[in-house]
Engineer: 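I have a structure here, written as structure tokens, and I will follow up with some questions on it.
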Amino acid sequence: MPHTVVIAPDSFKGSIPAAAAAAALSAGWHDERPDDEIRLLPMADGGEGTLDAFAAAVPGAVRMAVAVTGPEGTPVEASWLLLPPTPDAPAGTGVVELASTSGIELLGTPPRLRALDADTRGFGETVAAALAHGVSRLVLGIGSSASTDGGVGMLRALGATFIGADGEPIAPGGRGLDRVVAADLGGLPPLPAGGVQVLSDVTNPLLGRRGAAAVFGPQKGATEADVERLDAGLARFAAVVGADRADPATPGAGAAGGTGFGLLAWGAALVPGSTAVAELIGLRGAVADASVAVTGEGSFDGQSAAGKVPAHVAALAAEAGVPVGLVAGRIADDADVSAFGATASLTALSGSSDAAMGEPARWLRAAGAALARELG
């Protein structure tokens with residue numbers, strides 16, 4: 001008897017995006033069970049692949065091309081996604097991804113890191129383009145940032161100004177933060193009627209040892225001295241903006257080099273990324289209507305039960321009484337896989353982590369076939 005299968009993986013970080021992973025799993029499942037109906041609902045948490053996940057999951061979604069300023073100050077061809085109208089968003093929802101407009105992936109491989117000078121201007125320019133189109137709601141994914149600028153570049157692109165002691169605009173990126181003496185947010189546009197949801201699974205505050213500079217700065221090329229300068233600059237920036245506009249201690253304020261804080265100052269709401277994506281693409285209803293679900297991520301370990309995509313999909317499947325399978329690049333010894341009816345490790349299938357990383361689509365297809373044999 002044919003099954004209805006929902007395939008909803010996260011991206012396999014550093015290997016393959018969620019949409020491509022879902023397609024490979026689907027191909028493998030169909031190798032074993034060609035008559036099954038498969039619905040692809042790739043997931044994301046706000047980082048790279050968020051746009052692709054929505055585009056694959058929401059019928060009628062349209063990519064809107066835009067040329068913006070990338071994190072090196074050079075033009076970048078990007079896009080935002082226009083989701084169809086709904087009762088809550090009659091003029092449609094605009095989805096904007098920081099990763100594809102101001103992200104670290106845009107700095108090349110290996111990345112040309114710019115710890116003090118990369119900024120979020122391109123992200124703000126893309127948000128402005130979506131607003132100019134007239135969307136009723138914005139959904140902003142802020143993972144994979146290249147900068148630690150507190151969202152200043154984004155806010156500037158939206159109409160804010162930040163002035164230094166010399167009376168001139170501060171330098172772009174994190175370099176200018178320790179010189180800011182005045183912020184004028186009066187030029188920011190009003191939020192769209194349906195609000196602005198910011199997707200991030202990062203809960204770090206803006207400042208301190210768990211803050212944007214200390215935790216994420218080194219990944220963006222910051223030296224120990226750079227981290228101290230950036231943290232001090234972010235503290236100065238937060239003081240100038242004022243706690244009445246945004247609290248730097250808010251969980252998630254430190255996301256994307258402090259862009260979470262900048263968005264709070266605009267009035268946006270920070271929400272758990274994977275949970276919000278699941279709601280927006282209708283994952284709960286899709287799983288409830290399915291015969292079986294499949295999910296996955298790059299590394300499934302003891303931390304994966306805390307808010308990660310596979311745990312969320314497994315919870316929805318349990319709620320609906322639907323069996324669920326797990327695929328991961330690796331499944332750690334400390335991982336609890338009791339929620340899954342079957343599992344497949346790409347490392348085990350391929351023989352090594354290097355082989356799995358080298359040909360992820362091949363081994364995901366093999367994993368899809370293996371799960372079809374066990375769960376079909």
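Predicted model, so just to flag it, every value in this text is computed and none were measured.
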Engineer: Would you say Leu40 ends up clustered with Leu375 if hydrophobic residues are merged whenever their side chains have heavy atoms under 4.5 Å apart, either directly or through other cluster members?
Structural biologist: yes

Engineer: Do side-chain atoms of Ser352 reach the backbone of Ala355 as a donor and acceptor pair under 3.5 angstrom?
Structural biologist: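 Judged by distance alone, yes, a pair lies under 3.5 Å.
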
Engineer: Can you find a side-chain donor-acceptor pair between Thr69 and Glu125 that sits under 3.5 Å?
Structural biologist: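 Judged by distance alone, the side chains do pair up.
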
Engineer: For a 4.5 angstrom cut-off between non-hydrogen side-chain atoms, does Thr148 reach Phe216?
Structural biologist: no

Engineer: Between Asp301 and Asp334, is the side chain to side chain contact (heavy atoms under 4.5 Å, CB included) condition met? List the steps.
Structural biologist: CA-CA 6 Å; Asp301 55 29; Asp334 67 341; 3.8 Å; yes

Engineer: Search all heavy atoms of Asp247 against all heavy atoms of Phe261 and return the closest pair with its distance.
Structural biologist: C-CE1, 4.1 Å

Engineer: Which value, rounded to the nearest 0.5 Å, describes the distance between Gln197 atom CD and Leu138 atom CG?
Structural biologist: 10.5 Å

Engineer: Give the intermediate values and the outcome of side chain to side chain contact (heavy atoms under 4.5 Å, CB included) for residues Asp149 and Thr259.
Structural biologist: CA-CA 7 Å; Asp149 76 339; Thr259 302; 4.2 Å; yes

Engineer: Report yes if some heavy atom in the side chain of Thr4 is under 4.5 Å from a heavy atom in the side chain of Asp289; otherwise report no.
Structural biologist: no

Engineer: For Ala53 and Pro42, work out which heavy atoms get closest and say how close.
Structural biologist: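 Shortest heavy-atom contact: CB-O, 3.3 Å.
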
Engineer: Grouping I, L, V, M, F, W and Y whenever their side-chain heavy atoms are under 4.5 Å apart, do Leu25 and Leu41 come out in a common cluster?
Structural biologist: no

Engineer: Quick check: is Leu140 connected to Leu191 through a chain of hydrophobic side chains (ILVMFWY, heavy atoms under 4.5 Å apart)?
Structural biologist: yes

Engineer: For the hydrophobic clusters of this structure (ILVMFWY residues joined by side-chain heavy atoms under 4.5 Å, transitively), does one cluster hold both Leu106 and Val68?
Structural biologist: yes

Engineer: State, with a plain yes or no, whether a side-chain heavy atom of Ile281 is found less than 4.5 Å away from one of Met43.
Structural biologist: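 They are in contact (side-chain heavy atoms under 4.5 Å apart), so the answer is yes.
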
Engineer: Just by distance, no angles: are the side chains of Ser299 and Arg330 close enough, under 3.5 Å, to form a donor-acceptor pair?
Structural biologist: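 A pair is found: one side chain offers a donor N or O, the other an acceptor, under 3.5 Å apart.
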
Engineer: Using distance alone, with no hydrogens and no angle criterion, decide if Asp336 and Ser338 have a side-chain donor and acceptor under 3.5 Å apart.
Structural biologist: yes

Engineer: Could you measure the distance from the CD1 atom of Ile331 to the OG1 atom of Thr347? Nearest 0.5 Å is fine.
Structural biologist: 9.0 Å

Engineer: Does anything in residues 151-210 form a ring-ring contact (aromatic ring centres under 6.0 Å, His included)? List the pairs, not counting sequence neighbours.
Structural biologist: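 Only Phe162-Phe237 qualify under ring-ring contact (aromatic ring centres under 6.0 Å, His included).
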
Engineer: Within the side chain of Ser291, is there an N or O that forms a donor-acceptor pair under 3.5 Å with the backbone of Val5?
Structural biologist: no

Engineer: With no hydrogens and no angle check, is any side-chain donor or acceptor of Ser350 less than 3.5 Å from a backbone partner on Leu346?
Structural biologist: yes

Engineer: If I compare all heavy atoms of Leu199 with all of Ala276, which pair ends up nearest, and what's the gap?
Structural biologist: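 Nearest pair, atom of Leu199 first, then Ala276: CD2-CB, 3.4 Å.
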
Engineer: Under a 3.5 Å distance rule, please check whether Trp363 uses its side chain to pair with a backbone N or O of Gly329 as donor and acceptor.
Structural biologist: no

Engineer: Among Leu206, Leu264, Leu234, which residue satisfies the side-chain contact (heavy atoms from CB on, under 4.5 Å) criterion with Pro248?
Structural biologist: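 When side-chain contact (heavy atoms from CB on, under 4.5 Å) is applied between Pro248 and each of Leu206, Leu264, Leu234, only Leu206 qualifies.
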
Engineer: Can Leu230 be reached from Val152 by stepping across I, L, V, M, F, W or Y side chains whose heavy atoms are under 4.5 Å apart?
Structural biologist: no

Engineer: Calculate, to the nearest 0.5 Å, the distance between atoms CD1 and NZ belonging to Ile104 and Lys220 respectively.
Structural biologist: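 Atom-to-atom, Ile104:CD1 and Lys220:NZ are 7.0 Å apart.
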
Engineer: Under 3.5 Å, is there a donor-acceptor pair between the side chain of Asn204 and the main chain of Gly211?
Structural biologist: no

Engineer: Is Ser26 reaching over with its side chain to a backbone N or O of Ala22, donor-acceptor style, under 3.5 angstrom?
Structural biologist: no

Engineer: Is there a donor-acceptor pair closer than 3.5 Å between any side-chain N or O of Thr50 and the backbone N or O of Ala44?
Structural biologist: no

Engineer: Considering non-hydrogen atoms only, spot the tightest contact between Arg236 and Leu177 and give its length.
Structural biologist: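 Heavy-atom minimum between the residues: CD-O, 3.7 Å.
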
Engineer: For the residue pair Ala255 and Ser200, what are the closest heavy atoms and their distance?
Structural biologist: CB-OG, 3.6 Å

Engineer: Main chain of Thr161, side chain of Asp184: is a donor-acceptor contact present, judged purely on distance under 3.5 Å?
Structural biologist: no

Engineer: Thr126 versus Leu98: any side-chain heavy-atom pair under 4.5 Å?
Structural biologist: no

Engineer: For residues Leu116 and Arg229, determine if any side-chain heavy atom of one lies less than 4.5 Å from a side-chain heavy atom of the other.
Structural biologist: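 The answer is yes, as the side chains (C-beta and beyond) meet within the 4.5 Å cut-off.
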
Engineer: Find out whether Arg156 and Ile170 are in side-chain contact, i.e. whether some heavy atom of one side chain is under 4.5 Å from a heavy atom of the other.
Structural biologist: yes

Engineer: State whether the number of non-hydrogen atoms from other residues, nucleotides or ligands found under 6.0 Å of Arg179 atom CZ is greater than 12.
Structural biologist: no

Engineer: Would you indicate whether Glu105, at its atom CD, is surrounded by more than 12 heavy atoms from other residues, nucleotides or ligands within a distance under 6.0 Å?
Structural biologist: yes

Engineer: Might you work through the side chain to side chain contact (heavy atoms under 4.5 Å, CB included) test for Leu364 and Phe12, ending with a clear yes or no?
Structural biologist: CA-CA 10 Å; Leu364 281 162; Phe12 285 59; 3.7 Å; yes

Engineer: Applying the side-chain contact (heavy atoms from CB on, under 4.5 Å) test to Leu280, which of Thr93, Val139, Val58 qualifies?
Structural biologist: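 Considering Thr93, Val139, Val58, a side-chain contact (heavy atoms from CB on, under 4.5 Å) with Leu280 is found only for Val139.
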
Engineer: Keeping Glu97 on the side-chain end and Leu51 on the backbone end, is there a donor-acceptor pair under 3.5 Å?
Structural biologist: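 Yes, Glu97 side chain to Leu51 backbone: donor-acceptor pair under 3.5 Å.
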
Engineer: Provide the closest heavy-atom pair for Gly260 versus Leu270 in the form atom of the first, atom of the second, distance.
Structural biologist: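 Here Gly260 and Leu270 meet closest at O-CD2, 4.1 Å.
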
Engineer: Is any side-chain heavy atom of Arg63 less than 4.5 Å from a side-chain heavy atom of Asp52?
Structural biologist: yes

Engineer: Is there side-chain contact between Leu131 and Leu158, with heavy atoms separated by less than 4.5 Å?
Structural biologist: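 In short, these two side chains touch, coming nearer than 4.5 Å.
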
Engineer: Test your reading of the model: is there a side-chain donor-acceptor pair from Arg121 to the backbone of Gly73, 3.5 Å cut-off?
Structural biologist: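 The answer is no, because no donor-acceptor pair under 3.5 Å joins these two groups.
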
Engineer: Which is it for Trp80 and Val135 under the side chain to side chain contact (heavy atoms under 4.5 Å, CB included) test, yes or no, and what are the steps along the way?
Structural biologist: CA-CA 12 Å; Trp80 59 278; Val135 297; 3.9 Å; yes

Engineer: Are the charged groups of Arg175 and Asp117 less than 4.0 angstrom apart, N to O?
Structural biologist: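 Here Arg175 pairs with Asp117 in a salt bridge, since their nearest N and O are under 4.0 Å apart.
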
Engineer: Tell me whether Glu279 at atom CD has more than 12 heavy atoms from other residues, nucleotides or ligands lying less than 6.0 Å away.
Structural biologist: no

Engineer: Find the distance between OG (Ser136) and CG (Leu83) and round it off to the nearest 0.5 Å.
Structural biologist: 11.5 Å

Engineer: Counting only heavy atoms not in Arg284, do more than 12 sit closer than 6.0 Å to its CZ atom?
Structural biologist: no

